[in-house]
2 protein chains.
Amino acid sequence: MSELVELSQGERDALEKLEERQRPVRRGAVLQRENEPCNELFILRKGLMMSYVLLADGSRQILRFLFPGDMLGVSSAVYQEAPETLAALSDCVVSPFDRAALAEIMREHPRLSALILVYCQIERVALTDRLAALGRTSAKARVAALLLELRNRLRTTNKSIANAFALGLTQEEIGDATGLTAVHVNRMLRQLEEDGLITRESGRVTLLDERALGHAANYVNRYKGLDLSWLPPPRS
Amino acid sequence: MSELVELSQGERDALEKLEERQRPVRRGAVLQRENEPCNELFILRKGLMMSYVLLADGSRQILRFLFPGDMLGVSSAVYQEAPETLAALSDCVVSPFDRAALAEIMREHPRLSALILVYCQIERVALTDRLAALGRTSAKARVAALLLELRNRLRTTNKSIANAFALGLTQEEIGDATGLTAVHVNRMLRQLEEDGLITRESGRVTLLDERALGHAANYVNRYKGLDLSWLPPPRS
DNA sequence: CGTCTGCTTGAGCCTTGTCAAGAAACGTGG
DNA sequence: CCACGTTTCTTGACAAGGCTCAAGCAGACG
């Protein structure tokens, strides 16, 4: 959050309290399972996670990829049973905290409350971008958008990433995120390669023509263009 | 909001302040346009609205239908430019208010802040349901889900609605919401009718077999099953 | 009464899914 | 460090769900 505004000491203390505890999570492990009661929220400290739902026919829709700094399980905190599963795509570290800690922030730190709302809205807009992609764009555009989003989010934690990165996802997972089959994802990656937009070698992807990719994908970086001038002042 | 918890006098006053002003909106009118700056939020008092985005090729994705009581434009308040368009599907009445009023609620009313977060999460989960529908379910299931969602949301404002209702949408609009073409929406409606799940006459739809529809559509009512026990106490 | 928007239906096509099989990469235990 | 099993990737052939185009029809509205 400190990337958006200068935090006061009291605010920093409150956020650090959320991160008191740490818990390692193995690759493939499930932190929270759909339809099971859940009493914890988390902040992701290290690694890559995802949230997904399973449908009646066994197919999976990946809703979101989660990166260090993201707050996990907010929607589950609001329900008696989690609406989605949280699983680790790589070895991760999370900081669990309970609903009461969230309530305390809402009570004591109006500006942090507003910032949490801001993050929820960023996430919401990113979700609607993906909704529009699934509803109205081609398979190739969806895969391109996923690559761009992934690269941009990885870069916020690891500044050294430029145009090449290890995507850390199987083609099956890319398909479950974009609403495609793994086979078709493979074809789309090959086409993007043939079009000269990317290159690939053993799990690493290089974006060759970012502008053309962004255009093909209708991509907008939703972490830019924010307006935070209206936030209430920090209380302490 | 009073449907979720018993509000205190101070909270009621704060919410009524948001609804001080009223503005009529004609059917078809646009309240807020994508990529234009916006300084207002709204509460929808009467009528049916939608939010949508337009893609580069001119196609439209409807993100959400909006019903009386919904807060509109929260995501736009967070950005310098609105990420989506708000348009009226019927003659409507809205109550505009500005970002400062939102900031004041965050400052003075922790429990209302938490409730706003809860509503954002309900909306978020409804969006992820639709994401999963677009990514992983058939055209027929998506149309069925839309009908169910629409009926349930209409019923929260108009208790007299049972299984029959006027949907107030063109087939083109249904298509833009479900990621289908108007032509295919028509075919799916006819199939649902042939399957004995619904009947139609001149814009009115009757749900004949709600259970089977819900099953076909993978539908979950996200306004149920909430857990609000953790909310902070009202300050006044 | 004419126009316009929305609904309905058919024919044919295209994008994406399904199934299958082989190759490559990865992980694990010896 | 090797050998094996498993997962993942790759590619082809074929099927199907949904789209496009086109035309006729019905109802709303000036």
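All heavy atoms count here, side chains included; hydrogens, waters and symmetry mates do not. In what follows, every chain begins at residue 1, and chains take the letters A, B, ... in the order their sequences are listed.
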Exercise. Select one nucleotide: of D:dA13, D:dT20, C:dT16, the one nearest the side-chain heavy atoms of A:His184.
Key: C:dT16
Exercise. Measure the distance from CG on B:Asp57 to C1' on D:dC19 and round it to the nearest whole Å.
Key: 13 Å
Quiz item: Looking at the side chain of A:Asn186, which of C:dC7, D:dG18, D:dT10 is the nearest nucleotide?
Solution: D:dT10
Quiz item: Nearest-Å distance, CG (B:Leu189) to P (C:dC7)?
Solution: 9 Å
Quiz item: Donor-acceptor pair, A:Tyr79 side chain versus B:Arg222 backbone, under 3.5 Å?
Solution: yes
Quiz item: Any donor-acceptor pair under 3.5 Å joining the side chain of A:Arg142 to the base of C:dT15?
Solution: no
Self-check item: Residue pair B:Arg151 / B:Asn163, side-chain heavy-atom distance below 4.5 Å
Solution: yes
Quiz item: Over how many whole Å does the gap from A:Arg204 atom CZ to C:dA25 atom C1' extend?
Solution: 17 Å
Quiz item: Can you check whether A:Arg27 has a side-chain N or O nearer than 4.0 Å to OP1 or OP2 of C:dC26?
Solution: no
Practice problem: Run the numbers on A:Asp91 and A:Lys46 for salt bridge (Lys or Arg N to Asp or Glu O under 4.0 Å), then give the verdict. | Solution: CA-CA 8 Å; A:Asp91 289 343; A:Lys46 274 196 195 130; over 6 Å; no
Quiz item: Which part of the nucleic acid does B:Ser138 contact within heavy-atom distance under 4.0 Å: base, sugar-phosphate only, or nothing?
Solution: sugar-phosphate
Quiz item: Would you say B:Arg187 reaches C:dA11's phosphate, i.e. side-chain N/O to OP1/OP2 under 4.0 Å?
Solution: no
Exercise. May I have the distance from B:Met188 (atom CE) to C:dC7 (atom P), rounded to whole angstrom?
Key: 16 Å
Practice problem: Answer with base, sugar-phosphate or nothing: what part of the nucleic acid does A:Gly179 contact at a heavy-atom distance below 4.0 Å? | Solution: sugar-phosphate
Quiz prompt | Separation between CD1 of A:Ile122 and CG of A:Leu226, rounded to the nearest 0.5 Å | solution = 4.5 Å
Quiz prompt | Nucleotide nearest A:Arg190 when distance is taken to its side chain, options C:dT16, D:dT11, D:dT8 | solution = D:dT11
Quiz item: Taking CD from B:Glu201 and P from C:dG6, how many angstroms apart are they, rounded to a whole number?
Solution: 21 Å
Quiz prompt | Distance, rounded to the nearest Å, where A:Arg26 contributes CZ and C:dG27 contributes P | solution = 14 Å
Self-check item: Nearest-nucleotide 5' precedence on DNA chain D, A:Gln171 against B:Lys140
Solution: A:Gln171
Quiz item: Got a second to check how far A:Cys92's SG is from A:Arg26's CZ, nearest 0.5 Å?
Solution: 11.5 Å
Quiz item: Where the side chain of A:Thr181 is defined as all heavy atoms beyond and including C-beta, which of D:dT10, C:dG17, D:dT20 is the nearest nucleotide?
Solution: C:dG17
Self-check item: Closest to the A:Val183 side chain, choosing from C:dA11, D:dG18, D:dT11
Solution: D:dT11
Quiz item: To the nearest Å, how far apart are B:Arg136 CZ and D:dG17 P?
Solution: 16 Å
Quiz item: Roughly, in whole Å, what's the span from CZ in A:Arg200 to P in C:dA24?
Solution: 15 Å
